[in-house]
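Taking it in order: structure first as structure tokens, then the write-up.
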Amino acid sequence: MECLKRLRPLFLPPRPLLPFYFTQHCLCSRSENVNRPQSKRATLDTFKTQLSSGPTFQDFVKGIDVNKTLLVSEEDDGPHAYLSEDLDMGNDRKVCFETYGCQMNVNDTEIAWSVLQKKGYQRTNDPYEADVVLLVTCSIREKAEQTIWNRLQQLTAMKRKRLKNRTPMKIGILGCMAERLKTELLEREKLVDVLAGPDAYRDLPRLLTLADSGRQVSNVLLSLEETYADVMPVHRGPQGYSAFVSIMRGCDNMCSYCIVPFTRGRERSRPLSSILDEVRLLSDQGVKEVTLLGQNVNSYRDTSEEQHRGPDPTQLSRGFRTLYRSKQGGLRFADLLERVSHIDADMRIRFTSPHPKDFPDEVLQLIAERGNICKQIHLPAQSGSSQVLKAMRRGYTREAYLDLVDNIKRIVPGVSLSSDFIAGFCGEKEEDHLQTLSLIGEVGYNVGFLFAYSMRKKTHASHALQDDVPGEVKQRRLEELISAFREEAAKVNSALVGTTQLVLVEGASKRSAQDLCGRSDGNVKVIFPREGRDSSLDSGIAEAKAGDYVLVKITSANSQSLRGRALSLSSLSDNPVQ
């Protein structure tokens, strides 16, 4: 249908095809009938001959050169008879990935690389050496997309300068931007050779083979089933101590500002057994921290096996609702979290990004009870105004959100909270903005992600609302939100001075080679000297390295980090509750 939409305005003024054939057929028939009768079969054969030699569909389409552009959008994921199995092999060609956006894109990169590695591709981090450069993209905001457009211009210039005796470089766009802007990406200055949407990574070897013929190729079909459950990602986390594990894909929430349901499709959860196998493998490899990923991670619901399909409906946080009907049966997020936490007592478990509606008490109680599930919860609010939240179709009011915060703090004492906020959403008044500022002060977050609103096509807001907040007002409100966030984060972090935090070391501090940097259970950055000694406890510490757990006594704090001195090497099992 997308193709037909593009072609419809390009038809030439009508030159009737059928009357032409009809007239010619009648004249021929009349001439022949004068001499002898003709059978119906002979008449039909004559008509087919004339039809086959007549004008084709392309004669009636203006400005389309099918020899230059091939839009491949296969509905069948099975084998393709026109490609032998060895033709889509990489043959040691080098591929370079550049990943933009959220943690889900990091995981997508690992999946795509797993697929290509099995086909004989080699990986490089240097685009100048690469035969294929693949950009894993984000469409959540306009600025993110503009970054990709700029990068495409740079890569295209690099491609043109490539030596003639080398394999021609291929440039590909993967992920959300590929699905959202397929037509524009293929037509705009011919910047892209390959497009693959979030559900088409298995098809990458075939697409790259077809692109070798000089054509542009694309597969951006969304799936109701694809979870890549049988594709073991090739993890390349920093220093190998942490990893992201995708547990579900897509989103059903349909928040009015969000493009995700249109670029990543409907919610579908990966089978629990597949997730457990991946986490066990990571544990065997010495990974110390796993982050469970999903667009709405805590709405996880595995119905892959018959015994999981019970009648019980999904339980929401009190005071929350959804646009869709309650879902029945399945293993829920609490079931998954409980089983993952049993795999390795010395492995930290985090998850992102959740929706506040999916925090029933059973999830909170599990977080409180398990020493290796971090006492840190991301709780996206987006706005502090009930009126704006209604326009956003978030499914809760300010009051319901604050009740949930109180419930979380009651069940999980000492919990660290982070959040997302949007400045200048459609129809946001100054009093709405002030309510958001007051919410930030009332909750007390230590980490925040704040953005000015950017209208996205296809979303409910683009069809039903007006982006009526001026750009300069958005920017001013954003700056005020950031200032309020930093002020509150400084207070929350300052309350930790004098406490002892278990820190997972990430590596050297960016500002000083003499310091190490890591993160606390609450996901706050902690900086401390490479070699430390607490004289009051008369205990020293050997130089720690990335992947070690270190007990650090906090001596100072600001809005973004904590500073302290190391006490000793430790482990989660020695410090089960933070």
Side-chain angles (χ1 to χ4, degrees), residues 235-245 279-292 340-351 367-376 412-416 446-447 492-558 560-578:
H235 297 280
R236 290 167 62 98
Q239 306 297 330
Y241 70 88
S242 68
F244 297 114
V245 175
V279 175
R280 290 190 191 101
L281 178 62
L282 293 170
S283 174
D284 293 342
Q285 294 173 349
V287 170
K288 295 294 183 68
E289 182 177 273
V290 161
T291 302
L292 306 178
V340 169
S341 69
H342 278 306
I343 291 176
D344 186 345
D346 211 34
M347 175 190 283
R348 272 182 177 169
I349 309 299
R350 300 187 188 275
F351 57 90
I367 294 172
E369 293 169 4
R370 296 295 160 86
N372 61 341
I373 302 178
C374 292
K375 310 301 181 287
Q376 180 262 327
V412 190
V415 66
S416 296
N446 60 1
V447 177
V492 172
N493 291 344
S494 294
L496 298 175
V497 173
T499 66
T500 299
Q501 299 290 318
L502 186 63
V503 177
L504 178 59
V505 179
E506 295 179 346
S509 170
K510 293 181 180 180
R511 294 190 176 184
S512 172
Q514 304 304 313
D515 293 334
L516 290 175
C517 178
R519 291 196 173 267
S520 68
D521 180 271
N523 207 26
V524 180
K525 184 187 297 184
V526 181
I527 301 169
F528 59 95
R530 281 184 176 273
E531 295 186 4
R533 181 182 180 84
D534 190 316
S535 57
S536 65
L537 297 178
D538 195 28
S539 63
I541 179 176
E543 183 174 342
K545 61 183 181 301
D548 287 339
Y549 286 109
V550 177
L551 281 173
V552 178
K553 188 169 185 178
I554 305 304
T555 57
S556 63
N558 58 35
Q560 296 180 312
S561 63
L562 307 172
R563 291 195 67 90
R565 57 178 181 270
L567 302 181
S568 63
L569 293 173
S570 188
S571 67
L572 273 178
S573 52
D574 291 337
N575 297 271
V577 179
Q578 295 293 297

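Across every non-hydrogen atom of Lys375 and Val412, the tightest pair is CD-CG1, 3.9 Å. What you find for Ala566 and Val550 is that their closest heavy atoms are CB-CG1, 3.7 Å. Here the shortest heavy-atom pairing between Asn446 and Gly522 reads ND2-O, 3.8 Å. When all heavy atoms are compared, the tightest approach of Gly498 to Lys553 is O-CE, 4.1 Å. Minimum heavy-atom separation, Leu551 to Ser570: CG-CB, 3.9 Å. Considering every non-hydrogen atom in both Ala544 and Leu516, the closest pair reads O-CD1, 3.5 Å.
Thr499 and Gln501 form a side-chain donor-acceptor contact under 3.5 Å, judged by distance and modelled atom types alone.
The distance from the CG atom of Leu502 to the OG atom of Ser571 is 7.5 Å, given to the nearest 0.5 Å. Atom OG of Ser561 and atom CD1 of Ile554 lie 9.5 Å apart (nearest 0.5 Å). Distance CD/Glu506 to NZ/Lys545: 15.5 Å, rounded to 0.5 Å. The CD atom of Gln514 sits 13.5 Å away from the CZ atom of Phe528 when rounded to the nearest 0.5 Å. A distance of 7.0 Å separates OG in Ser509 from NZ in Lys525, rounded to the nearest 0.5 Å. Rounded to the nearest 0.5 Å, atoms CG (Asn523) and SG (Cys374) are 7.5 Å apart.
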Q.
Show, in sequence, the C-alpha distance, side-chain angles and deciding distance for Arg563 and Thr555, and conclude whether the side-chain hydrogen bond (donor to acceptor under 3.5 Å, both in side chains) test is met.
A. CA-CA 6 Å; Arg563 291 195 67 90; Thr555 57; over 6 Å; no

Q: Evaluate the side chain to side chain contact (heavy atoms under 4.5 Å, CB included) criterion for residues Asn372 and Asp344: first the C-alpha distance (whole Å), next the side-chain angles of each, then the deciding distance (0.1 Å), finally the verdict.
A: CA-CA 8 Å; Asn372 61 341; Asp344 186 345; 5.9 Å; no

Q.
side chain to side chain contact (heavy atoms under 4.5 Å, CB included) for Leu504 and Tyr241? Distances and angles first, verdict last.
A. CA-CA 9 Å; Leu504 178 59; Tyr241 70 88; 3.8 Å; yes

(Q) Applying side chain to side chain contact (heavy atoms under 4.5 Å, CB included) to Val287 and Glu289, what does each step give before you reach the verdict? (A) CA-CA 6 Å; Val287 170; Glu289 182 177 273; 5.5 Å; no

Q: Mind running side chain to side chain contact (heavy atoms under 4.5 Å, CB included) on Phe351 and Val340 for me, showing each step along the way?
A: CA-CA 11 Å; Phe351 57 90; Val340 169; over 6 Å; no

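Using a cutoff of 4.0 Å between basic side-chain nitrogens and carboxylate oxygens, Lys288 and Asp548 are not scored as salt-bridged.
In this view, Ser556 satisfies the side chain to side chain donor-acceptor pair (under 3.5 Å) rule with no residue, not counting sequence neighbours.
Not one N or O on the side chain of Arg530 forms a donor-acceptor pair closer than 3.5 Å with the backbone of Ala508. Side-chain atoms of Asn493 come within 3.5 Å of backbone atoms of Asn558 as a donor-acceptor pair (strictly under, hydrogens ignored). Between the Arg350 side chain and the Asp521 main chain, a donor and an acceptor come within less than 3.5 Å of each other.
Looking at Val290 and Met347, their side chains come closer than 4.5 Å, going by heavy atoms from C-beta outward. In this structure the side chain of Arg348 reaches within 4.5 angstrom of the side chain of Leu572, judged on heavy atoms. Residues Val552 and Thr500 have side chains not in contact (no heavy-atom distance under 4.5 Å, counting atoms from C-beta outward).
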